[in-house]
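Beneath this line is the structure, given in structure tokens, with notes to follow.
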Amino acid sequence: MKRRDFMRDIALGGLALSAVRPSAFSFPAADKTPDLAWIEGESPAALTRAAVDALGGMKSFVGRGDVVCVKPNIGWDRTPEMAACTNPEVVKTLVEMCFEAGAKEVVVTDHSTNQAARTFLRSGIQAAAKQAGAKVLLPSSFRMKKMGLGGEWFKEWEVFLDVHEADKIINVPVAKHHSLTRVTLGMKNWLGAIGGARNQLHQKIHEAVVDLARFFNPPLTVLDAWRVLVRNGPQGGRPSDTEMRKTVVAGRDWLAVEAAGATLFGLKPGDLPFLVLAAERKLGRVDWEKMSIEKRKI
Amino acid sequence: MKKEKSRKYRLLQALRILSQWSFFGLFLFFFTRTRFTGEDVIGPVERFFHFDPFLGLTATIAGRAFFAAFAWAGVTVLLTLVLGRVVCGWVCPLGGLHQFFSFLFKKAKLHRPKTASAGPLKWKYYILIFVLTGSLLGLNLAGILDPLSFLYRSFAAAVFPALGHAATGVIKLLYALGLSGPAGTVGQYFESLTINPVYVQGFFLGLLFLAAALLNLVRERFWCRVLCPAGALLGLLSPANVFKLKIDRNKCIDCGLCNLQCPTQASPYPDEEWRRAECVYCFTCAAVCPTAAVGFPARDVPRREKRVSLDRRKIIWTPIAALAALPFFRIAPAVRRAAASLIRPPGARPEPEFLSTCVKCGECLKVCPTGGLQPVLAEAGPEGLWTPRLVPRIGYCEYYCSLCTQVCPTGAIKELSVEEKLTVKIGTAWVDKNRCLPYALGEPCIVCEEHCPTSPKAIQLVEHAALLPDGTVSAQKAPVVDVSTCIGCGICENKCPVMDRPAIFVTSVGEHRSETNRLLLDI
């Protein structure tokens, strides 16, 4: 992407946001679509489906002929019962829903930390996503391209093109403990959508994740809290490091989903500097409890 | 007299070439399958090595133990006893490659076969005697010139990495040309092959391979004629075989073409001077004979065997030279104290046993998913040349992977299940507080802790107050290693954001396999 195109897209995106956001936030009752869906239940697939349906269905996010990138966390060589990666059933359900909504192609990928061939396989995500018809792409150095991020602090970095080039991006993080940021949810999941020396970003982690979240700015975030990693994050290693929460949280406002997800760990937005920073920049709302929420058990 | 080449032997020659390509293809197939393909158990991708009696013999003698898989070498021995050195001529992938290079050089008129002195043919027997004498004393030098080890090592650490770089160039070019569709497909396939493009000594090992290939300019199949100790061993096993060269005196026109074209200098003409131990049954002589005078009938009148004449004095002197050389291999400091950087793969036997059985084949280097296993130069002494060690800055030991333990053809690395491997400590991580970001600079980091794969983590965080140059204090979470749970996998060192010399690093101390490289008494 050329810089000029990029600036144009940013400008258009900004316009689009300013056009959409007020209606989404100010008049939630008008179309009766809630801002957030907090669904609890007994099957990851059913939870996912119910959460997206509560927000108006996948058709309100994905158009006919779209290339969609579903971006889970496939960072670690851990099996699903360790809850270090997104639940494969959640990913699979989203892929199915994208195709039902008319998507032309659904890409599932992540720039993983352990060997990608292992993480993709052992997380169960590769098989699940392929079964639903997705194109599962191993991260490759050919697909990392340095570009402007337009961030307050984060100006330029290698971006993973397979994520960036999609028409629509759906963020599907898993809720986990993390010893630096305390929790890793949707915003930190974007570290899997970039290349370069990511390990150095910890020095400015709060600024980095806020700018990255603003850059990727997904229209839909689906937080997997089916099984939550509560200690030894972000990869755990024993099922005893996890707790069953049997929850999926979804929303249009990624910051609101993030703030809601933090409560799974007993944290308030004020406890997490990256939430405070994002709220200061008015990138979304952290007072999610004041939004219209569809919270139910199925 | 009718001038016509033998159709039968031309067909046999074609079959032999087909067989050589097939076995080379099989070798390549096993080679490329030597990677994580989705299963924890990899299967017998290292089987080629087990058919090599030279490796089996030296590993058994030097290691003082018979590794059961080498029973397969009995097939080669039996085949050689009955048919002669057909394995050299029809099966050996390195022999096939050398023959192919010779063919290319002849076609390109870079090499013209000429009558050569038989002298150098003996060298390989001396090499064999030297290596076997070393084995008797527990010194395993087989891997340096064993054809399979040489080929595999060269491919793993030089040829494939170079091809990987070439492929990267091609894929980048495809993207640059706007062909993102094909580029993506090729790119994904390329990623799935997990070719490690970085090897210590890669360039050097590549040069050695190139040199071996270029030797075919000097003599056809120079390696097989002069250097190959495995071929020498098979040569010694061949005198009782069934098929013997016979020249039909009525047809022979004494042209000498068979002698000139023989790729291993077995000297078919006259047939009573045929060196049966040198013949690899490639049937070149029979196929090039303009009058179809050369044949290999299944019987022959008993006659005096023409062999490469091994000088009796040299036969005695070779083991003596080997005995004299042995102490020199033991001068290295590695004998007394383990090198800090000699982090052996999980499952590696205690160092003396490891050195006596490792044949430097490069299977473990090839299979390592992170490319962390690298050929040793001097860290393990002269015996340890090209044995594997983990270089965490290049690649770490993947937690749930035990592939290197499964592919070792000699059991120098004991086969471990993934569950068994998780408990094996190969070294210990140390924090360099003078370089660690939280300790030295008061900057937040915790990257090593985040990546530590054990649960509970072997890297724990403590609050540390760093004094900054302006006199202020910055308190950050800083890593402390729990040596009782650290397994030395090296992912912390690999991921440490201090780019050049890492602020956390692994040394071999505390490795389970060693009784002497101990850290704490109760560990």
Side-chain angles (χ1 to χ4, degrees), chain A residues 75-79 82 84 107 109 113-122 126-127 135-143 145 161-162 165 176-182 184 188 191 196-206 208 229 231-242 273, chain B residues 35-40 167-168 170-176 180 183-184 186-194 197 368-371 395-396 398-401 422 437-438 441 443-457 459-461 476-477 479 491 494-499:
Chain A
W76 307 95
D77 181 14
R78 299 287 201 211
T79 45
M82 312 279 193
V107 171
T109 190
T113 302
N114 292 114
Q115 188 197 5
R118 293 188 69 88
T119 61
F120 278 47
L121 191 101
R122 296 192 359 112
Q126 179 167 275
K135 211 164 138 180
V136 181
L137 295 177
L138 292 169
S140 92
S141 57
F142 314 115
R143 303 296 286 153
K145 191 181 169 193
L161 294 177
D162 288 322
E165 285 176 353
K176 294 190 288 181
H177 161 259
H178 192 273
S179 43
L180 185 62
T181 55
R182 303 186 71 173
T184 163
K188 204 171 168 301
L191 263 75
R198 296 182 290 172
N199 52 3
Q200 296 188 326
L201 292 177
H202 275 195
Q203 294 159 43
K204 286 278 183 194
I205 193 67
H206 304 296
L229 183 61
R231 65 186 79 84
N232 289 316
Q235 53 169 327
R238 290 174 300 183
S240 59
D241 291 336
T242 69
Chain B
R35 60 181 158 94
F36 175 68
T37 53
E39 302 291 331
D40 289 335
T168 307
V170 171
I171 295 164
K172 277 185 180 157
L173 183 70
L174 288 175
Y175 274 117
S180 54
V186 177
Q188 283 294 308
Y189 177 69
F190 179 71
E191 293 297 338
S192 76
L193 289 179
T194 55
C368 181
T370 65
Y396 58 93
E398 188 75 73
Y399 191 56
Y400 290 110
C401 170
L422 295 180
L437 297 183
L441 306 175
E443 290 284 340
C445 185
I446 70 104
V447 169
C448 53
E449 186 261 2
E450 173 183 65
H451 286 86
C452 181
T454 63
S455 182
K457 289 173 184 290
I459 299 175
Q460 293 292 326
L461 298 171
Q476 296 292 349
K477 287 176 175 171
I491 194 170
N494 185 267
K495 305 286 183 180
C496 176
V498 182
M499 285 304 190

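A, B, ... follow the sequence lines: proteins, then strands. Residue 1 opens every chain. This one's a predicted model, so the numbers in the text were calculated from it and none came from an experiment.
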Legend entry - Set of salt bridge (charged side-chain N to carboxylate O under 4.0 Å, His left out) partners for A:R198, sequence neighbours left out: none

Inset, instruction - Examine whether an atom of B:Y400 lies under 4.5 Å from a heavy atom of chain A, and if so say whether it belongs to the side chain, the backbone or both; otherwise answer neither. - result: both

Legend entry - Contacting region of A:D241 [heavy-atom separation from chain B under 4.5 Å]: side chain

Inset, instruction - Measure from the side-chain N and O atoms of A:N199 to the backbone N and O of B:K495, and report whether any donor-acceptor pair falls under 3.5 Å. - result: yes

Inset, instruction - Mind listing the closest non-hydrogen atom pair of B:P497 and A:Q200 along with its distance? - result: O-NE2, 3.0 Å

Legend entry - Nearest-0.5 Å distance that lies between atom CH2 in A:W76 and atom NE2 in B:H451: 4.0 Å

Inset, instruction - Kindly indicate whether the side chain of A:R238, heavy atoms from C-beta on, has any atom under 4.5 Å from the side chain of B:T454. - result: no

Legend entry - Interchain contact, B:I491 with chain A, by part (heavy-atom threshold 4.5 Å): side chain

Legend entry - Approximate separation, where rounding is to 0.5 Å, of B:C401 SG and A:Q115 CD: 7.5 Å

Inset, instruction - Give me the one residue out of B:E449, B:K457, B:Q460 that meets side-chain contact (heavy atoms from CB on, under 4.5 Å) with A:S179. - result: B:E449

Legend entry - Pairwise side-chain contact, B:P444 with A:I205, heavy-atom cut-off 4.5 Å (strictly under): no

Inset, instruction - Could you tell me whether A:R118 sits above the aromatic face of B:F36, with NZ or CZ closer than 6.0 angstrom to the six-membered ring centre and within 45 degrees of the axis? - result: yes

Inset, instruction - Work out which heavy atom in A:R78 is nearest to a heavy atom in B:P453; give both atom names and the distance. - result: NH2-O, 2.7 Å

Legend entry - Contact winner vs chain A - B:G184, B:P456, B:G395, B:P438, heavy-atom pairs under 4.5 Å: B:P456

Inset, instruction - Work out which heavy atom in B:E450 is nearest to a heavy atom in A:Q235; give both atom names and the distance. - result: O-NE2, 3.1 Å

Legend entry - B:K477, part contacting chain A, at a heavy-atom distance under 4.5 Å: side chain

Legend entry - Rounded distance [0.5 Å steps], OG in A:S140 versus OH in B:Y189: 15.5 Å

Legend entry - Closest non-hydrogen atom pair, B:Y396 against A:T113: OH-O, 4.0 Å

Inset, instruction - Rounded to the nearest 0.5 Å, what's the gap from CG on A:D162 to CD on B:Q188? Could you check? - result: 7.0 Å

Inset, instruction - Just jot down the ring-ring contact (aromatic ring centres under 6.0 Å, His included) partners of A:H202, sequence neighbours excluded, or say none. - result: A:H178

Legend entry - Between A:P234, A:A117, A:S141, the one whose heavy-atom pairs under 4.5 Å with chain B are most numerous: A:P234

Legend entry - Closest approach of A:G236 to B:S455 (non-hydrogen atoms, all atoms of both residues): O-CB, 3.6 Å

Inset, instruction - Measure B:T168 against the heavy atoms of chain A and call it side chain, backbone, both or neither at under 4.5 Å. - result: both

Inset, instruction - Would you mind checking which part of B:C496 comes under 4.5 Å of any heavy atom in chain A, side chain (CB onward), backbone (N, CA, C, O), both or neither? - result: backbone

Legend entry - Which portion of A:L121 sits near chain B, non-hydrogen atoms under 4.5 angstrom: side chain

Inset, instruction - Find the distance between CZ (A:R143) and CD1 (B:I171) and round it off to the nearest 0.5 Å. - result: 11.5 Å

Inset, instruction - May I ask you to test the A:K145-B:Y175 pair for a side-chain heavy-atom distance under 4.5 Å? - result: no

